Amino acid sequence: MTPPLLAQHGGPDGGPAPAHDFSTNASPLGPPPALLQAVQAADRSAYPDPHYRALRRRLAGPSDDELVLPTAGGAEAIRRLTLAAWLDGRREAWVPQPGFGDYALAAHALGFTVKPYASPADIRPTAPALVWLCEPCNPTGASSASCPPLDGHHVIVDQAYEPLRLQGDAPALPPGAWQLACPNKALGLTGIRAGYVIAPSADALWSQALSLAPSWVLSAEGVALLTHWLDDATQAWLAQARATLRDWAARQRAVLAALHWQQQASCTNFWLARPPLHDTPRRLRERGLRVRDATSFGLPGWVRVSAQPPGAQQALREALLDIQGDNT
Ligand SMILES: Cc1ncc(COP(=O)(O)O)c(C=O)c1O
């Protein structure tokens, strides 16, 4: 029997809760108070509207609300759209490398030929394909300027970290692309499984993705989160959060640079870094701190860290001084 392919993620790892968690990309600033209140007041006594009509109208913006599909988070959307693309006859899946592991896992589980790419400019499908773009990209925090025309392919732009873009502007959406939004990370509410996709048109993929959705895919809390996602108050709070994260990221980079860590550029609140000592993730974990080992991204020796508050940075600095000692 083929062993199941399991995803690796930052955040909880089954061990004792770390005192300071640099391994998750979620905003450490927690949810905006008004949105949290709405989530806590969510009516759990009744089913949500199975068609999520009011919610879809709220999220649609200039798009047709029929084209908005609520999902139980980005991870559920990735699995569902991959299956929908398979049922629509696609057999090739293009995924960013390094990139969020679920794209490739979902595709492998169904038997797709998985084609990793380093830059969207390298995407060259040989048949009608499923193409994942992650903008900005997890784990690198990189933003890509452009990709070649991909007419005839199902192109999905995962915008999980768009609300946590700390520098620059989002590139234009490729023509005909789907958008995947999962704001729980920017809202510091990753325990709530809620996201949505916006389809470019009512095409075959849209129809499959709609048919494959479980009834009531989104919980009452998920509806509350998404209902208030585009509120002016939420967006104003988020702009403040980005300013704070920009400052914390700059300070944290200085702490790591002083301790001889190599660091890559990023436009988000997380980035790739290489400690001078190889087993740093394990030794930090023993001291109650967690960073995301990047080996599963194909980057042994590297870790992904997210910007954390000054107190956590101080704890990281002390732990690293202890670990690195005279070795650097
Ligand atoms: C790029 C990306 N997309 C999607 C997800 C899935 O997030 P969720 O299922 O919590 O919405 C994640 C989670 O880490 C992610 O990093």
Side-chain angles (χ1 to χ4, degrees), residues 11 24-78 80-81 135-136 138 156-166 169-170 173 178-199 209-210 213-246 248 268-270 306-307 309:
T24 168
N25 291 344
S27 166
L29 288 160
L35 184 140
L36 179 61
Q37 224 169 24
V39 165
Q40 285 167 337
D43 181 5
R44 295 154 174 104
S45 69
Y47 280 113
D49 168 9
H51 302 297
Y52 299 102
R53 280 168 276 235
L55 176 64
R56 286 193 287 108
R57 279 196 294 276
R58 224 179 157 90
L59 294 171
S63 309
D64 176 354
D65 56 4
E66 286 292 321
L67 300 178
V68 177
L69 305 183
T71 72
E76 191 269 325
I78 291 166
R80 182 149 36 114
L81 290 171
E135 187 54 57
N138 173 21
I156 305 170
V157 184
D158 182 344
Q159 300 173 323
Y161 299 104
E162 191 55 57
L164 290 169
R165 183 187 290 272
L166 306 182
D169 296 319
L173 199 66
W178 286 61
Q179 295 170 80
L180 165 58
C182 27
N184 60 0
K185 287 154 272 297
L187 296 172
L189 285 174
T190 47
I192 299 185
R193 316 301 309 136
Y196 59 102
V197 288
I198 303 182
L210 194 54
S215 292
W216 308 288
V217 64
L218 200 56
S219 66
E221 291 88 348
V223 173
L225 180 152
L226 292 180
T227 297
H228 294 282
W229 165 232
L230 297 176
D231 285 1
D232 288 347
T234 303
Q235 295 303 313
W237 180 93
L238 202 57
Q240 280 295 325
R242 280 191 292 267
T244 304
L245 290 172
R246 221 169 273 133
W248 288 357
T268 58
N269 63 318
F270 54 85
S306 58

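What you see is a predicted model, and the numbers here were worked out from it, not measured in a lab.
For residues 54-72, every residue pair satisfying the salt bridge (charged side-chain N to carboxylate O under 4.0 Å, His left out) rule, not counting sequence neighbours, is listed here: Arg58-Asp231.
Using a 4.5 Å cut-off on side-chain heavy atoms (C-beta onward), Leu187 and Pro32 make contact. Contact check for Leu81 versus Val197: side-chain heavy atoms found under the 4.5 Å cut-off. For the pair Tyr52/Val68, no side-chain contact is recorded, criterion being any heavy-atom separation below 4.5 Å from C-beta on. The shortest distance between side-chain heavy atoms of Pro163 and Trp229 falls below 4.5 Å. The shortest side-chain heavy-atom distance between Asp158 and Ile78 falls under the 4.5 Å cut-off. Taking 4.5 Å as the limit, some side-chain heavy atom of Arg193 sits within range of a side-chain heavy atom of Asn184. Here the side chains of Thr268 and Asn138 are not in contact, with every heavy-atom distance at 4.5 Å or above. Counting heavy atoms from C-beta on, the side chains of Thr244 and Pro309 never come closer than 4.5 Å.
In this structure, the separation between OG on Ser27 and CG on Leu164 is 6.0 Å, given to the nearest 0.5 Å. Of the inter-residue distances, the one linking Leu218 atom CG with Glu221 atom CD reads 9.5 Å to the nearest 0.5 angstrom. Residue Leu180 holds its CG atom at 11.0 Å from CG of Leu69, rounded to the nearest 0.5 Å. Atom CD of residue Gln159 and atom CD of residue Glu135 lie 8.5 Å apart, to the nearest 0.5 angstrom.
Residues passing the side chain to side chain contact (heavy atoms under 4.5 Å, CB included) test with Ala34, sequence neighbours excluded: none. Partners of Tyr161 according to the ring pair (Phe, Tyr, Trp, His ring centres under 6.0 Å) rule, which considers only residues two or more places apart in sequence or in another chain, are Phe270.
Gln235 CD: more than 12 foreign heavy atoms inside a 6.0 Å radius.
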